[in-house]
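Below is one structure, written out as structure tokens, with a few remarks after it.
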Amino acid sequence: MLRTSVRGTYNADKSSAAASFTVSGGDVKLKASMTDATVVNGPSLNGLSLSLEKPGAFMIDYNVPKKDVRFQFMNTVKVADKPLNLTYVHAVRDNRTTVDGSLVLDPANKVSANYAFGSGNCKVKYTYVQGQGSRRTFEPCYDFSKNAWDFAFSQRVFEDDVVRASYHTSNKILGLDWTRSSKNTGSFKVSTSFDLNGEFTAPKITAESTWNFDL
């Protein structure tokens, strides 16, 4: 059986939209993504990308108009009997390589880090989950390149709904998200952000939805 997923995203601030189509067969997923630039002025390759993924193992993305390939490899190793999840990403055209690692200390505590080779950008994040069923999550993060902290807090309101707030001290941006995820009806996400630098600006709002069906 093939499992198909369709996801749409709308950005009110930029008046733009995007969509992706995913087909799952066995262990492998094939996805095609496009933006409004792909179809507004007639069918074109602008904004079109293709990807092949085996969850937990690898992902290959191909940006069609840019002819750019992005490789991503995932693996898990044991460190003091704790799972360390590693992700290696290399973008060919930009010659950019990053490594992500997350060490799961126990079901409630996790430490993760991201490092970009060449740029020296490095972030370290601690995640603490409180309550059964991941009801509440705290995520402080330190960005070494900016010498600044980021903070995030999320709360599961109902069975399928999660409210999340984030704050970046480097640019004083406050973000708010509401996400609904359902196995039966798919997902819906509404995001808004506020610039707290002193001058009031209209919040930026994006909406995202996903529909799943079997073929």
Side-chain angles (χ1 to χ4, degrees), residues 5 7 9 29 51 53-59 61 70-91 96-117 119-183 186-196 203-204 206-210:
S5 175
R7 170 174 293 181
T9 303
K29 294 182 179 181
S51 67
E53 175 189 6
K54 183 177 181 180
F58 70 86
M59 178 186 295
D61 293 322
R70 178 178 176 270
F71 298 94
Q72 180 172 314
F73 300 96
M74 296 81 82
N75 195 14
T76 300
V77 297
K78 290 286 186 177
V79 176
D81 293 328
K82 306 295 183 182
L84 174 62
N85 302 311
L86 297 172
T87 301
Y88 168 89
V89 180
H90 179 66
R96 185 179 68 253
T97 302
T98 61
V99 174
D100 293 282
S102 62
L103 181 62
V104 182
L105 303 176
D106 54 51
N109 297 274
K110 180 176 71 174
V111 178
S112 57
N114 169 272
Y115 179 75
F117 289 89
S119 66
N121 292 338
C122 181
K123 294 182 180 181
V124 177
K125 180 171 68 175
Y126 169 69
T127 302
Y128 172 66
V129 180
Q130 182 185 55
Q132 296 182 351
S134 304
R135 305 297 301 184
R136 191 174 297 112
T137 303
F138 302 88
E139 294 178 301
C141 175
Y142 185 73
D143 189 331
F144 284 89
S145 63
K146 297 179 180 179
N147 192 27
W149 285 91
D150 298 331
F151 299 94
F153 168 78
S154 61
Q155 171 72 52
R156 185 173 296 278
V157 182
F158 302 108
E159 188 63 28
D160 298 330
D161 296 76
V162 176
V163 177
R164 184 177 186 270
S166 61
Y167 179 69
H168 301 273
T169 60
S170 60
N171 54 14
K172 296 183 179 180
I173 297 296
L174 173 66
L176 298 174
D177 300 327
W178 169 44
T179 304
R180 170 169 291 179
S181 179
S182 173
K183 294 181 180 179
S187 64
F188 182 82
K189 179 180 180 180
V190 176
S191 303
T192 182
S193 61
F194 300 88
D195 189 338
L196 304 182
K204 300 177 181 180
T206 61
E208 177 181 292
S209 60
T210 302

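Below, each value reflects all heavy atoms present in this structure, side chains not excepted, and no hydrogens, waters or symmetry copies.
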Please tabulate, for side-chain N and O atoms in residues 75-82, each donor-acceptor pair with protein atoms closer than 3.5 Å (sequence neighbours left out).
unit_1: T76; atom_1: OG1; unit_2: N85; atom_2: OD1; d: 2.8
unit_1: K82; atom_1: NZ; unit_2: L105; atom_2: O; d: 3.0

Parallel, tilted or perpendicular for F144 and Y142, by the 30°/60° rule?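 Perpendicular, since the angle between the ring planes exceeds 60°.
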
So, taking the atom named [atom1] in [X] and the one named [atom2] in [Y], what distance separates them when rounded to the nearest 0.5 Å?
X    : Y    : atom1 : atom2 : result
C122 : N114 : SG    : CG    : 7.5 Å
S154 : D177 : OG    : CG    : 10.0 Å
L84  : S102 : CG    : OG    : 6.5 Å
D143 : K125 : CG    : NZ    : 12.5 Å
F71  : F58  : CZ    : CZ    : 11.0 Å
L196 : H168 : CG    : NE2   : 11.0 Å

Could you tell me whether the side chain of [X] and the main chain of [Y] form a donor-acceptor pair under 3.5 Å?
X    : Y    : value
T169 : W149 : yes
Q155 : R164 : no
R70  : A91  : no

If you look at every heavy atom in [X] and [Y], which pair is closest and at what distance?
X    : Y    : value
I173 : S193 : CG2-CB, 4.2 Å
S51  : D61  : CB-OD1, 2.7 Å
L176 : A165 : CD2-CB, 3.7 Å
V129 : P107 : CB-O, 4.4 Å
K54  : M74  : O-CE, 4.2 Å

Student check: side-chain heavy atoms of [X] and [Y] closer than 4.5 Å:
X    : Y    : value
F153 : R136 : yes
K172 : Y167 : yes
D161 : T179 : no
F194 : T192 : yes
V157 : W178 : no
N109 : Y126 : yes

Residues in salt bridge (charged side-chain N to carboxylate O under 4.0 Å, His left out) contact with K110, at least two apart in sequence or another chain: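 Listed in chain order: nothing, the list is empty.
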
With T87 via side-chain hydrogen bond (donor to acceptor under 3.5 Å, both in side chains) - residues at least two apart: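 With neighbours one apart ignored, the set is empty.
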
